[in-house]
Amino acid sequence: NLIYGNTPATHVVSAVFNVRFKLDWKFVERFCGILKVLFPSCTSQSALLFGTLLVVTLTEQLIIYQVGVLPSRFYNVLADQDYSGFRSLVAKAMVLIIINSTLKSLDQFICNLMYVSWRKTLTESLHAAYFQGRVYYTVNVLREEVDNPDQRISQDAERLCKQMSTMASRLIVSPFTLAYYTYHCFYSTGWIGPVSIFGYFVIGTFANKILMGPIVSTLFEQEKLEGDFRFKHMQIRVNAESAAFYRAGKVEHMRTNRRLQALLQIQKSLVKKELWLYIGVNTFDYLGGFLSYIIIAIPIFTGVYDRLTPGELSALISKNAFVCIYLINGFTQLIDLSTTLSDVAGYTHRIGELREVMDDILHEQCDYDPASGESYDFDSDFNVHAGPVDTAFIVDQLSYKSPYADELLVEDLSLTISQGVHLLVVGNTGTGKTSLLRVLNRLWEAHSGFVQMTTCFGPRGTLFLPQKPYLTDGTLREQVIYPLKDIYPLSGAVDDERIVQFLELAGVSSLLRRTGGLDEEVDWNWYDVLSPGEMQRLSFARLFYLQPKYAFLDEATSALTEEAEAQLYRTCKQLGMTLISLGHRSSLEKYHDVQLRLCGGACWEITKLRGGSLKDEAS
Ligand SMILES: Nc1ncnc2c1ncn2[C@@H]1O[C@H](COP(=O)(O)OP(=O)(O)OP(=O)(O)O)[C@@H](O)[C@H]1O
């Protein structure tokens with residue numbers, strides 16, 4: 001039995017602005033979680049690309065060193081007027097330069113490949129959680145703490161992968177160059193060189209971490225406002241016609257500009273905060289240049305090198321400076337990455353937070369049938385689950401309310417939805433008619449009581465036609481067979497005849513001409529070109545095609561005439577469906593046997609219509 005109830009819906013207050021996202025332990029946890037997704041195994045594509053990048057960048061470093069010492073060799077052969085040496089050196093230089101530039105391009109190429117591969121893996125993993133069960137509904141409608149989940153999946157994931165791939169080639173080689181030059185530095189300056197440089201790096205990192213803290217949280221906020229701004233434009237795009245009827249250009253202009261201003265304000269503050277980080281980074285860069293001379297100055301002024309001649313001393317200074325500068329340069333490159341790291345941290349928090357919330361929702365929602373242990377899959381699960389075969393739902397002492405409200409919409413409702421007993425649910429606006437469907441469909445949790453679902457979703461089971469017709473993108477056939485991915489049953493050309501016949505029965509056969517055929521790709525937005533009535537008729541064509549045993553129709557004929565309504569209801573009944581309708585029209589009564597009236601104030605009553613058999617269990 002699918003029993004759910006007794007858990008009051010929790011109201012989660014948006015905490016986005018109270019939480020300061022920083023470079024903290026939470027960041028490390030979230031980042032490691034994302035890395036686990038990006039590198040699922042040692043033999044995964046990303047891991048192999050990463051290994052190849054390591055080999056390429058290390059080879060590149062060796063070649064860079066060879067290219068770096070070329071000028072000193074040129075000095076040698078030119079000073080000695082060694083013509084043959086000069087010729088072979090030129091040839092060697094040409095070869096080295098070609099290899100170097102090829103390796104550099106290869107490095108870039110692998111980074112780009114890695115970016116695409118990471119984006120694919122990360123986005124697909126987010127999709128897997130988002131589209132599992134009804135997570136996409138809960139995260140968009142019921143959980144306020146996650147702003148713009150769409151933006152996090154489509155844009156933030158992309159930017160995170162981009163930034164990480166740009167960091168990769170610089171980071172990957174750092175441990176090797178740092179180890180190599182630390183050894184050389186120790187060899188030529190003793191412990192004072194490496195210790196001073198490491199100390200300098202620690203101070204630099206600490207200073208940068210302090211400067212980066214506010215940037216990470218501001219970046220997080222900026223991305224939220226970026227999403228809000230884009231959403232506003234999307235809202236206008238989707239509702240352009242309604243807005244135009246209101247002549248709402250001015251007010252929408254003002255509102256959209258308001259969102260833009262909020263976004264720009266935060267962007268400005270981000271730029272200001274970044275100024276301090278840039279000052280820190282640049283100061284660190286230039287101070288690093290002097291540090292090598294300070295390191296060598298200490299033994300000189302303390303008299304360690306007093307016995308060296310000025311010539312030997314300058315050779316020593318030049319050699320030490322070279323190694324120290326290389327080592328400092330290695331650290332400086334790491335510090336330079338801090339601006340990229342602050343971006344990475346911002347995106348990591350946004351994606352990490354979304355992953356956590358989706359995991360949480362998945363754990364909370366038991367979207368599987370405990371009896372059979374199977375999850376509900378609209379496409380493939382046509383098995384009827386445990387319970388009387390001629391019932392769809394058994395509702396017992398059910399109370400429910402909207403997620404953020406205190407008052408119950410309905411209290412202690414008991415009824416059985418059985419085959420052949422057509423049920424009409426009526427009631428004033430806002431009394432909880434659609435909410436009843438939400439609770440039956442497990443989009444909302446019941447406050448108390450039980451709902452036992454004894455059929456499956458989809459063909460042969462239960463189908464819900466929502467109040468707002470939902471049209472997907474794609475061809476006319478895809479609209480009709482929605483939400484199935486393939487035709488059902490798989491019967492080839494016979495399917496075409498059925499679809500055409502059902503389009504005719506639903507009164508939208510003209511769509512065939514407009515689209516040019518069932519499988520013609522259309523470049524229009526279905527919402528823009530169909531009238532509300534046509535959308536409702538197309539939803540009925542869908543219903544006829546899927547032929548569920550039970551059809552829940554939420555004001556499904558509100559945009560149609562009573563004659564059209566009569567014809568559609570007649571067809572549904574001829575196809576053997578049991579109808580559960582929600583609506584206000586009295587004309588609906590004649591197609592139903594039982595009426596459930598939601599009276600407001602949590603009250604309800606069940607009455608018999610037209611002498612139909614009353615099968616409720618309530619008083
Ligand atoms: N996602 C939501 N979050 C919070 N409250 C909601 C949500 N959806 C609906 N409500 C509220 O729940 C109450 C019941 O809504 P419901 O959609 O069930 O009304 P209804 O009886 O179907 O109304 P109508 O006849 O207009 O369709 C309303 O007060 C509505 O504002």
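Whatever order the structure lists them in is the order used to number ligands and atoms, beginning at 1. Just the heavy atoms: all of them, side chains too, but no hydrogens, waters or symmetry mates, feed the values below. Keep in mind that this is a model prediction, so the values were computed, not measured.
- With a 4.0 Å cut-off on non-hydrogen atoms, Ser435 touches ligand 1 through its backbone as well as its side chain.
- Residue Tyr137 places no N or O, backbone or side chain, under 3.5 Å from any N or O of ligand 1.
- Considering only non-hydrogen protein atoms, atom 22 (O) of ligand 1 sits nearest to Thr434 OG1, 2.7 Å.
- Only side-chain heavy atoms of Trp444 come within less than 4.0 Å of ligand 1; its backbone N, CA, C and O stay farther off.
- Side chain to side chain, Arg438 and Ser435 meet the donor-acceptor criterion of an N or O pair below 3.5 Å.
- Remark: side-chain polar atoms of Gln151 are paired, donor with acceptor, to backbone N or O of Glu223 under 3.5 angstrom.
- At least one heavy atom of Gly432 sits closer than 4.0 Å to an atom of ligand 1.
- Each of the following atoms of ligand 1 lies closer than 4.0 Å to a heavy atom of His584: 25 (O).
- Nearest to atom 20 (P) of ligand 1 by heavy-atom distance, out of Gly427, Gly600, Ala405, Gly430, is Gly430.
- Residue Arg438 approaches ligand 1 through these ligand atoms, each under 4.0 Å from one of its heavy atoms: 8 (N), 9 (C), 16 (P), 17 (O), 18 (O).
- Checking Ser418 against Thr391 by side-chain atom types alone, no donor-acceptor pair falls below 3.5 Å.
- Judged purely by distance below 3.5 Å, without hydrogens or angles, the side chains of Glu478 and Thr475 pair a donor atom with an acceptor atom.
- Between the side chain of Arg134 and the backbone N or O of Arg442 there is at least one donor-acceptor pair closer than 3.5 Å.
- Every atom of ligand 1 is numbered from 1 in the order shown, and the set under 4.0 Å from a heavy atom of Thr431 is 21 (O).
- Under a 4.0 Å criterion applied to the non-hydrogen atoms of Gln467, ligand 1 contributes the atoms 27 (O).
- Counting heavy atoms of neighbouring residues, nucleotides and ligands inside a 6.0 Å radius, atom CZ of Arg514 exceeds 12 of them.
- Atom 27 (O) of ligand 1 is approached by the protein to below 4.0 angstrom, counting heavy atoms only.
- Contacts of Val141 with ligand 1, taken as heavy-atom pairs under 4.0 Å, involve the side chain alone.
- Counting only heavy atoms, the protein gets under 4.0 Å from atom 4 (C) of ligand 1.
- Among all heavy-atom pairs drawn from Tyr545 and Arg498, the shortest one is O-NH2, 3.0 Å.
- Near Glu555, meaning under 4.0 Å from any of its heavy atoms, are these atoms of ligand 1: 25 (O), 27 (O).
- The protein non-hydrogen atom at the shortest distance from atom 25 (O) of ligand 1 is Lys433 NZ, 2.6 Å.
- Note: Phe464 and Tyr550 fail the aromatic proximity criterion, with ring centroids not under 6.0 Å apart.
- Scanning all protein heavy atoms for the shortest distance to atom 12 (O) of ligand 1 gives Ser402 CB, 3.3 Å.
- Residues Tyr569 and His592 place their aromatic rings such that the two centres sit under 6.0 Å apart.
- Applying the 6.0 Å contact sphere to CZ of Arg237 captures no more than 12 heavy atoms from other residues, nucleotides or ligands.
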